[in-house]
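Structure record follows, encoded as structure tokens.
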Amino acid sequence: MNDNSTSLKKTIGFFPALATVMGTVIGTGVFFKAAAVTEYTGTVSMALFAWLLGGLISICAGLTGAELAAMFPETGGLTRYIEHTYGHFWGFLAGWAQAIIYFPANVAAIAIAFGTQFTNLFNLSQTWIVPVAIITALSLLLVNCISAKFGGWVTSVALVVKLIPLAVIVLLGFFHSSSVNFSLFPVVAGPHRGFWTALGNGLLATMFAYDGWIHVGNIAGEMKNPRKDLPKAIALGIGLIMVVYLLVNAVFLYIAPVNHVAGNLNIASDVAKVIFGGIGGKFVTIGILISVYGGLNGYTMTGMRIPYVMGKEHKLPFGDVFAKLNEAGVPWAAGVIQYLIACLMMLSGQFDAITNMLIFVIWFFYCMAFVAVFVLRKRTPNANRPYKVPLYPVIPAIALVGGVFILVNTLFTQFTTTAIGIVATAVGVIFYYYLKNKYPENFKSEK
């Protein structure tokens, strides 16, 4: 490997960027979180309302974040937005949380989901789940080490393939006879559930399914025209994702009764069997595997760029290692280290615990990014903004209110896993002051 490469190559166009948004988001959540959303809400009306509300919040969040992405089209994404607004301390913590916790946790959770479906498809023992997960994540690390363009191509192909089984389910599902009480109004919670508690928990479950939209900003430095293509990829991508999620979940709840969907991780296969017969379940499981593989590729591809940028600036321990590039200009060393952290998480086998932790951590920094739009509008009103969030300040305010609601709800309903995420993030403070003392020139001009 040649470590003398000093710059990332600008090879990514609009469609790979759009595919990265959609391919990263549409993966595990649409299949695995339908069970949790329905279990929390207890009715067709509130389950679909939670998916709709989650999509609207994500669209507002995406449109808000896109203003920052267009202002700072640099590899690093969210970390850069926060650093430019609040200074090195918060920028470091955002990068630390993503590099050491968030991205490895996503890789671990999605790989476990892949391993689960793989063992089900081939009737293997559950002891194979973690080994399959580890091998799958390794395969995508190797794919992305070939080149950023090749990694983007894999995401693009996986996106097209994964939408085929989803489209077939949606198109044929509503033509199938159903005896289910499919009532959209009024929006009410199920038996023995409070309205706001049910809605809050259901919304929280959708957030993992919608998460991933901002991380296309991590590859901005490798995009041909980031100021034009990045906001468009984020906004269009999330809108299309919301439509897909609503239609797919509507079919699930149209075909199967609520109590069968609730808590059933195999609901997609069960519904496919009803629509297509016994062989349908296996075809859908293959579609799920492709979907999950594409989502895992998106997180692998974008995740390694965060520690690369921080390592290059000596803002991570062993920064020279994280900053290594191969001949294709890919930060392979950062990818390897994130992969090893993910493997440690995979050994726990805890899908929901991992996802709950990462959602709280990332949404804390999302909320900081939403506030940053207000701060920068006031601090630098004449700065170059190739894209401005529409209906300002309404849409950023909606994104912020939604984000705060998610944080508060997660803290009170998932305290243990949330606390682990907070402690792991706080550990970064120790390394921040160590690195600041060792490399003071890299931490100048504090806000």
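- Partners of Phe365 by ring-ring contact (aromatic ring centres under 6.0 Å, His included), not counting sequence neighbours: none found.
- Distance check, rounded to the nearest 0.5 Å: CD of Gln126 to OG1 of Thr116 gives 7.5 Å.
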The test is side-chain contact (heavy atoms from CB on, under 4.5 Å); show your working for Ile422 and Phe364 and say whether it passes. CA-CA 10 Å; Ile422 293 173; Phe364 176 82; over 6 Å; no
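- In terms of the side chain to side chain contact (heavy atoms under 4.5 Å, CB included) criterion, residue partners of Ala268 (sequence neighbours excluded) are, by chain and number, Phe31, Phe252, Val284, Ile288.
- For the side chain to side chain contact (heavy atoms under 4.5 Å, CB included) criterion with Pro331, the lone passing option out of Val336, Leu325, Ile337 is Leu325.
- The salt bridge (Lys or Arg N to Asp or Glu O under 4.0 Å) analysis of residues 282-301, with sequence neighbours excluded, yields no pairs.
- Partner of Met357 under the side chain to side chain contact (heavy atoms under 4.5 Å, CB included) criterion, out of Thr418, Ile420, Thr416: Ile420 alone.
- Residues passing the ring-ring contact (aromatic ring centres under 6.0 Å, His included) test with Tyr439 are His314, sequence neighbours excluded.
- Listed for the Gln338 side chain is a donor-acceptor partner under 3.5 Å among the backbone atoms of Met304.
- The backbone N or O of Gln414 sits less than 3.5 Å from a side-chain atom of Thr417, completing a donor-acceptor pair.
- With sequence neighbours excluded, no residue satisfies ring-ring contact (aromatic ring centres under 6.0 Å, His included) with Phe322.
- Judged by distance alone, the side chain of Tyr339 and the main-chain N or O of Ile134 form a donor-acceptor pair under 3.5 Å.
- Taking the six-membered ring wherever Trp is involved, the centroid distance between the rings of Phe92 and Phe431 does not fall below 6.0 Å.
- At least one donor-acceptor pair closer than 3.5 Å links the side chain of Thr206 to the backbone N or O of Leu203.
- Checked against a 6.0 Å centroid threshold, the rings of Phe118 and Phe122 count as neighbours.
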Apply side-chain contact (heavy atoms from CB on, under 4.5 Å) to the pair Phe208 and Asn106, showing each step before the final yes or no. CA-CA 10 Å; Phe208 175 73; Asn106 259 302; 3.6 Å; yes
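- Between Ile110 and Tyr299, some side-chain heavy-atom pair lies under the 4.5 Å cut-off.
- Scored by the side chain to side chain contact (heavy atoms under 4.5 Å, CB included) test, Ser125 finds Thr127, Trp128 as partners (sequence neighbours excluded).
- The closest side-chain donor-acceptor pair between Tyr432 and Asn437, if any, does not fall under 3.5 angstrom.
- Put simply, the side chain of Tyr102 never gets that close to the backbone of Trp96: no donor and acceptor are under 3.5 Å apart.
- Residues passing the side chain to side chain contact (heavy atoms under 4.5 Å, CB included) test with Asn201 are Tyr40, Thr197, Asn409, Thr413, sequence neighbours excluded.
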Would you give me the side-chain donor-acceptor pairs under 3.5 Å for residues 48-58, sequence neighbours excluded?
from	atom 1	to	atom 2	distance (Å)
Trp51	NE1	Asn249	OD1	3.2
Ser58	OG	Gly54	O	2.8

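- For Tyr86 (side chain) and Ala372 (main-chain N/O), a donor-acceptor pair under 3.5 Å exists by modelled atom type.
- Under the side chain to side chain contact (heavy atoms under 4.5 Å, CB included) criterion, Ala133 pairs with Ala111, Met346, sequence neighbours left out.
- Under the 3.5 Å distance criterion, with hydrogens and angles disregarded, a donor-acceptor pair is assigned to the side chains of Thr79 and Gln98.
- Residues satisfying the side-chain hydrogen bond (donor to acceptor under 3.5 Å, both in side chains) criterion with Ser139, sequence neighbours excluded, are Tyr293.
- With sequence neighbours excluded, no residue forms a ring-ring contact (aromatic ring centres under 6.0 Å, His included) with His260.
- Residues satisfying the salt bridge (charged side-chain N to carboxylate O under 4.0 Å, His left out) test with Lys315, not counting sequence neighbours, are Glu83, Glu313.
- Rounding to the nearest 0.5 Å gives a distance of 9.5 Å between CD1 of Ile101 and CD1 of Ile341.
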